[in-house]
Amino acid sequence: MGVFQKHMPTPNQLFRQFDDVTITESDLIATKIEGAEWTYKGLNANIYIGLNYMESWLRGLGCVPINNLMEDAATAEVSRLQLWSWVHHKIQLTDTKETVTAELVSKLIDAEVAKLSPTKPGNKFAIAADCLKKEISGVNEVGEFLTTLLYDHITTLGKPVDLSTLK
């Protein structure tokens, strides 16, 4: 707690301004970053994180352990949008020289689902994979936020259920 209090002595960090830094819209969407590497391992990590979080969220869990870290929608959101961006900009992987395409990502998603599904009976990996693949491939437009892709799978239209009648 001492380290936290030393480096964050106030309720927020609004006092930390970086006046010598200018960030433009084109900086935020740039894919060609000096020294950056896009790897097959990174591609698979994004798929693994995205699928695991989405599947957990579909089962009602909003914060889940993934790779020994406690993750939430923000982490999965980064993974989802990196996958989309890499496909959209046809990024070439540094290590394998493969171009990241919707077909490649879809194939890797299917392979990951095949590995993960047997480990969790009653899982929702197929739904998560379908939603992710449709967005990555452009079948569906990129959603504003990860969870909006999944709402139709956890909500129903109609009259609210009287929770007192449920056992």
Side-chain angles (χ1 to χ4, degrees), residues 25-161 163 166-167:
E25 180 181 342
S26 61
D27 292 329
L28 296 174
I29 61 172
T31 59
K32 304 295 182 200
I33 300 166
E34 189 176 325
E37 291 188 0
W38 299 272
T39 64
Y40 195 77
K41 182 179 177 180
L43 180 62
N44 276 305
N46 280 332
I47 290 167
Y48 181 83
I49 291 165
L51 284 174
N52 272 282
Y53 183 80
M54 291 169 71
E55 190 278 333
S56 295
W57 194 86
L58 286 164
R59 289 184 296 109
L61 302 172
C63 198
V64 294
I66 300 173
N67 296 331
N68 298 315
L69 297 170
M70 191 54 73
E71 304 292 8
D72 60 17
T75 305
E77 183 71 354
V78 169
S79 293
R80 172 183 78 104
L81 291 175
Q82 278 187 347
L83 289 170
W84 179 87
S85 180
W86 291 8
V87 168
H88 181 76
H89 294 287
K90 297 175 178 54
I91 294 298
Q92 185 179 52
L93 298 175
T94 310
D95 51 356
T96 65
K97 305 302 181 211
E98 286 179 271
T99 298
V100 180
T101 63
E103 294 76 22
L104 173 62
V105 173
S106 182
K107 181 180 85 173
L108 294 173
I109 288 171
D110 289 341
E112 195 62 47
V113 168
K115 286 189 279 186
L116 292 170
S117 287
T119 66
K120 290 184 183 177
N123 69 72
K124 298 185 184 255
F125 283 113
I127 296 169
D130 184 58
C131 290
L132 190 56
K133 288 193 299 186
K134 283 180 179 172
E135 192 174 74
I136 300 301
S137 68
V139 169
N140 292 345
E141 190 173 324
V142 176
E144 284 190 29
F145 196 70
L146 171 77
T147 54
T148 59
L149 307 175
L150 308 171
Y151 283 145
D152 289 346
H153 299 283
I154 63 165
T155 60
T156 56
L157 298 176
K159 208 164 111 180
V161 173
L163 297 177
L166 298 177
K167 296 193 185 227

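All values reported here derive from a predicted model rather than from experimental measurement. Each residue takes its place number in the sequence, starting with 1.
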Inset, instruction - Mark yes or no for whether S106, through its side chain, and A102, through its backbone, hold a donor-acceptor pair below 3.5 Å. - result: no
Inset, instruction - Go through the structure and list residues passing side-chain hydrogen bond (donor to acceptor under 3.5 Å, both in side chains) with D95, not counting sequence neighbours. - result: none
Inset, instruction - Rounded to the nearest 0.5 Å, what's the gap from OG1 on T39 to NZ on K41? Could you check? - result: 7.5 Å
Inset, instruction - State plainly whether the residues E55 and R59 are in salt-bridge range, i.e. N to O under 4.0 Å. - result: yes
Inset, instruction - Determine yes or no for a side-chain-to-main-chain donor-acceptor pair under 3.5 angstrom, with E135 supplying the side chain and N140 the backbone. - result: no
Legend entry - side-chain contact (heavy atoms from CB on, under 4.5 Å) involving L108 - partner list, sequence neighbours excluded: Y40, L43, N44, I47, L104
Legend entry - Separation between CD of E77 and CG of L146, rounded to the nearest 0.5 Å: 5.5 Å
Legend entry - Donor-acceptor pair, side chain of D72 and main chain of A74, under 3.5 angstrom: yes
Inset, instruction - Using atom types as modelled and distance alone, determine if a side-chain donor or acceptor of K97 lies under 3.5 Å from a backbone N or O of T94. - result: yes
Inset, instruction - Nearest 0.5 Å please: distance from the CZ atom of F125 over to the NZ atom of K120. - result: 4.5 Å
Legend entry - ring pair (Phe, Tyr, Trp, His ring centres under 6.0 Å) involving H153 - partner list, sequence neighbours excluded: none
Legend entry - Pairwise side-chain contact, Y48 with N67, heavy-atom cut-off 4.5 Å (strictly under): yes
Legend entry - Flag, side chain of Y53 to backbone of G62, donor-acceptor distance under 3.5 Å: yes
Legend entry - Side chains of V142 and R80 in contact at under 4.5 Å (non-hydrogen atoms): yes
Inset, instruction - Output the distance between atom OG (S85) and atom CD1 (I136), rounded to the nearest 0.5 Å. - result: 10.0 Å
Inset, instruction - Carefully, step by step, assess D110 and K133 under the rule side chain to side chain contact (heavy atoms under 4.5 Å, CB included). - result: CA-CA 9 Å; D110 289 341; K133 288 193 299 186; 2.6 Å; yes
Legend entry - Straight-line distance of W57 CH2 to I154 CD1, nearest 0.5 Å: 3.5 Å
Legend entry - Spacing of I109 atom CD1 and L116 atom CG [to the nearest 0.5 Å]: 11.5 Å
